[in-house]
Each structure stands twice: as C-alpha cells, then as structure tokens.
Asks: 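Got a structure for you, written out below as structure tokens; questions coming shortly.
Chain naming here is simple, since letters A, B, ... match the order of the sequence lines and numbering starts at 1 in each. Values reported hereafter were calculated over all heavy atoms of this structure, with side chains retained and with hydrogens, waters and symmetry mates removed.
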Amino acid sequence: MLIRLLVWNGGNEVIRGTDPHNSSIRDLINIQLRISEKALKSIEQSKAHRLKPTIVLGLDAAYSRKYGGVAVASLVQAESCNLIEYGVAVGEPRLEYIPGLLAFREAALFYAATEGLSYKNYDVIVVDGHGISHPRYAGIATHMGLALAKPSIGVAKKKLYGEFNMINERSSCIEYPCVIGELRDPKRDIVLAYVVIPKSRDKNPIYISPGAFISIENALNIILSMLRASSSKLPCPTHYSDKLSKRIARELDKGIIRPESLKHLGLGTLDKYIHRLS
DNA sequence: GCGACAG
DNA sequence: ATCTTGTCGC
C-alpha cells in the first residue's frame, strides 16, 4: 500500500503504526482531547504574531472506486497563487467517515502526499475541512498542523460545530470576499471560525478556522487575500488540490494512469497537469 | 427521544 | 466524498 498509517497521538511526536481501524471510538476521541489541548495553547500563544506566508501548502482528497482515497498536497506561491509542485498519495482509508473523526480517515493520506514534495519549507498549511470549529477543537486542520509542526488553517464548505452569529447582513456585502459572521463556542466565550461569502458564483459561505500555531485573525486575513486571488470559492491552495485529486481519482478508475506512476507525480512539477485545470 | 452531522 | 444531464450565465 502506498498509504502509511500515521496519526498524532497527542504526545510530542508522530506515531507510526497507530491504526484507527483497530482503535475504539473512545480512544480516538481521547487522542483528539490531547491534541486540542496543545492546539488551543499554540493558538493562544500566536495572538501576538503576524505571519505573512510566501509559500502555502494546500491539502484535499477525492475518492477512487478502485484504489480508495487520493490525497493531493499542493505548494503555491501565496502572492500569485501559482502552483509550484504537488505530491500525491493513494490508499484505502482505514476508517469509515464519522462526523468529528474525519482526521482519522484522511490525515494519514494527507501526510503521505506531503512526503513526496521536494520543498518542505512552506509557511502555512490550508486544509479542506475544519480547524478548531470542531466539537473537541481538533478538526483535521488541527491534526495536520501538529503532525507537520506548521501553522495550519481549516477552510470548510459546511458547518460542523459552533453557534452562528451574524456580523453583517448578506445583503450588505458590497465587495467579496465578505465576512458575514462567526461560529462561537456554545461552551466557552470564544470565536472558533469566521463565516465568509466568497467572490465566486457560488455564494454559499465557507468556514475559516485556525488549526494550530496561528491566531484566528491571522488565519482570516491570509485566506481572504488568497480568495481575492482565486476565481474559485476556495483559496487556491485547496482549489488546486481539489481539482487535481478529483482528476487523478477519475483517471485511475478509467485506467488512464496507474498507482505506480503516481510515484513520479509525487516528485517535481508537472506542467501538463497544471495547464489542463479547468 | 429529537436534531445536527467537515469529507 | 460519490452517484449524475441538462442547463443557466459570464
């Protein structure tokens, strides 16, 4: 298998060999409780900093009927949104989809996609999914930030957890992207995510939350700047990963490409793929 | 018991 | 996430 089992166990290092399939739901939840403790602390300590990323990593996955999950890690230039290179990982998920436990299904594949990259000094990670706007403050973006030891941001297309609080009427939006509200924690008095209407034709909101090592304000302004440079509803890092993972999953099923050939896709840049992006 | 429920 | 044709709009 190309996928390597790997999850963050809440300690100080990534543990290899932990299999979600052989763990109880309770065990997985306990791991998240330890993760969020670390993440919330790192977010708190980041309130003084202001990160201006140069290179950003985007993570997303699609599914192939024949081979399972297809994860893509895209490296983009923050300023221009140009795709620099991307890594791919394919493998059967070790856990079914369970709301709140998505990380145990996809994080290992994301990590594997990252291993194929030749450049690893990116400044921030953008993940398709939530960060701390999660019932245990440990969404997949939080898992990835800790696993890769980098600031991480979650950009989700649907709400998972939190109480929506309107800041601006949608009708009052003059320019896009437009921040219309926030997701507040029903238990504590904190903001977990910002709700933003993108400037694309799709006016459904996206949810921006910090994963780890970054403040929510910093996470918001970074994503807002990338949304303005993108024609998509998603910021370019996850937009590239979304398009590439879906195309690769489809071509794998159609037999146009084989899993073994992805080892090559995982290294270096492939202009022919970039140009064929819709 | 009744909703809510990332990808 | 995925299953799927035509169709509305820039």
Side-chain angles (χ1 to χ4, degrees), chain A residues 3 7 20 25 28-29 32 35-36 39 58-74 88-113 125-145 152-164 176 182-187 192-196 198-212 219 223 230-235 237-239 241-254 278:
Chain A
I3 180 177
V7 298
I25 297 298
L28 301 181
I29 286 178
Q32 292 189 319
I35 286 178
S36 62
L59 266 24
D60 193 15
Y63 287 86
S64 152
R65 299 201 112 184
K66 291 182 181 177
Y67 308 101
V70 178
V72 171
S74 304
V88 184
V90 178
E92 207 60 53
R94 301 293 295 171
L95 189 71
E96 61 181 316
Y97 168 68
I98 300 174
L101 297 179
L102 173 66
F104 296 104
R105 175 178 170 78
E106 299 185 340
L109 210 50
F110 282 173
Y111 189 94
I125 308 166
V126 178
V127 184
D128 189 282
H130 288 280
I132 63 171
S133 41
H134 174 282
R136 289 172 294 282
Y137 320 105
I140 192 167
T142 304
H143 281 247
M144 295 313 298
S152 64
I153 303 170
V155 177
K157 298 180 290 298
K158 295 177 185 172
K159 168 191 165 181
L160 170 62
Y161 174 79
E163 179 178 280
F164 177 72
Y176 297 96
E182 55 191 18
L183 250 35
R184 305 192 67 90
D185 189 349
K187 300 180 176 182
L192 301 174
Y194 278 114
V195 184
V196 176
K199 72 178 183 64
S200 63
R201 194 171 0 278
D202 182 348
K203 293 306 180 186
N204 288 145
I206 57 177
Y207 303 82
I208 302 168
S209 62
I223 298 303
S230 173
S231 58
S232 166
K233 164 181 183 172
L234 300 176
T238 46
H239 177 246
S241 292
D242 175 66
K243 294 305 178 190
L244 288 169
S245 62
K246 281 174 178 168
R247 171 180 299 158
I248 292 171
R250 175 164 49 80
E251 297 190 342
L252 278 171
D253 283 340
K254 296 180 70 174
S278 69

Asks: Please tell me if A:Lys157 has a side-chain N or O lying less than 4.0 Å from either OP1 or OP2 of C:dA1.
Replies: yes
Asks: Please report the distance, rounded to the nearest Å, between CD1 in A:Ile153 and P in B:dA6.
Replies: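 To the nearest whole Å, that distance equals 21 Å.
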Asks: Which word best sums up how the rings of A:Phe104 and A:His143 line up, parallel for under 30°, tilted for 30 to 60°, or perpendicular for over 60°?
Replies: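 Perpendicular, since the angle between the ring planes exceeds 60°.
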Asks: Indicate, with a heavy-atom threshold strictly under 4.0 Å, whether A:Gly154 touches base, sugar-phosphate, or nothing.
Replies: nothing
Asks: Determine the contact category for A:Leu101: base if any of its heavy atoms lies under 4.0 Å from a base atom, sugar-phosphate if only primed atoms, P, OP1 or OP2 are that close, otherwise nothing.
Replies: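 A:Leu101: base contact, heavy atoms under 4.0 Å.
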Asks: To the nearest 0.5 Å, what is the distance between CG (A:Asp242) and NZ (A:Lys246)?
Replies: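 A:Asp242 CG to A:Lys246 NZ: 4.0 Å, rounded to 0.5 Å.
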Asks: Once you round it to whole Å, what is the distance between P of B:dG7 and CG of A:Asp128?
Replies: 6 Å
Asks: C:dA1 C1' sits how many Å from A:Leu244 CG, rounded?
Replies: 17 Å
Asks: Mind checking if A:Tyr97 touches a base, just sugar-phosphate, or nothing, with heavy atoms under 4.0 Å?
Replies: base
Asks: Using whole Å, what does the distance between atom C1' of nucleotide C:dC10 and atom OH of A:Tyr176 come to?
Replies: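 Value for this atom pair: 16 Å.
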Asks: Please report the distance, rounded to the nearest Å, between CG in A:Leu109 and P in B:dG7.
Replies: 17 Å
Asks: Checking side-chain polar atoms at under 3.5 Å, does A:Tyr161 have a donor or acceptor matched by the opposite partner on A:Asp185?
Replies: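 Yes, side-chain donor-acceptor contact under 3.5 Å.
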Asks: Could you tell me how far apart A:Arg105 (CZ) and B:dG7 (P) are, to the nearest whole angstrom?
Replies: 13 Å
Asks: If only side-chain N and O atoms of A:Tyr161 are considered, is one of them under 4.0 Å from the OP1 or OP2 phosphate oxygen of B:dA6?
Replies: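 Checking B:dA6 against A:Tyr161, no side-chain N or O comes under 4.0 Å of OP1 or OP2.
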Asks: Please find the pair of heavy atoms, one from A:Arg136 and one from A:Leu101, that lie closest to each other, and give the distance.
Replies: NH2-CD2, 3.7 Å
Asks: Could you give the CD1-to-C1' distance, from A:Ile206 to B:dG7, as a whole number of Å?
Replies: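 After rounding, the gap between these two atoms is 16 Å.
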Asks: Between C:dA1 atom P and A:His130 atom NE2, what is the distance in whole Å?
Replies: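 Interatomic distance, NE2 of A:His130 to P of C:dA1: 12 Å.
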Asks: Among C:dC3, B:dC5, B:dG7, which nucleotide has an atom closest to any side-chain atom of A:Leu160?
Replies: B:dC5
Asks: Is a salt bridge present between A:Lys243 and A:Asp60, judged by a nitrogen-to-oxygen distance below 4.0 Å?
Replies: no
Asks: Taking only the side-chain nitrogens and oxygens of A:Lys246, find out if one of them lies under 4.0 Å from OP1 or OP2 of C:dA1.
Replies: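 Yes, A:Lys246 has a side-chain N/O under 4.0 Å of OP1/OP2 on C:dA1.
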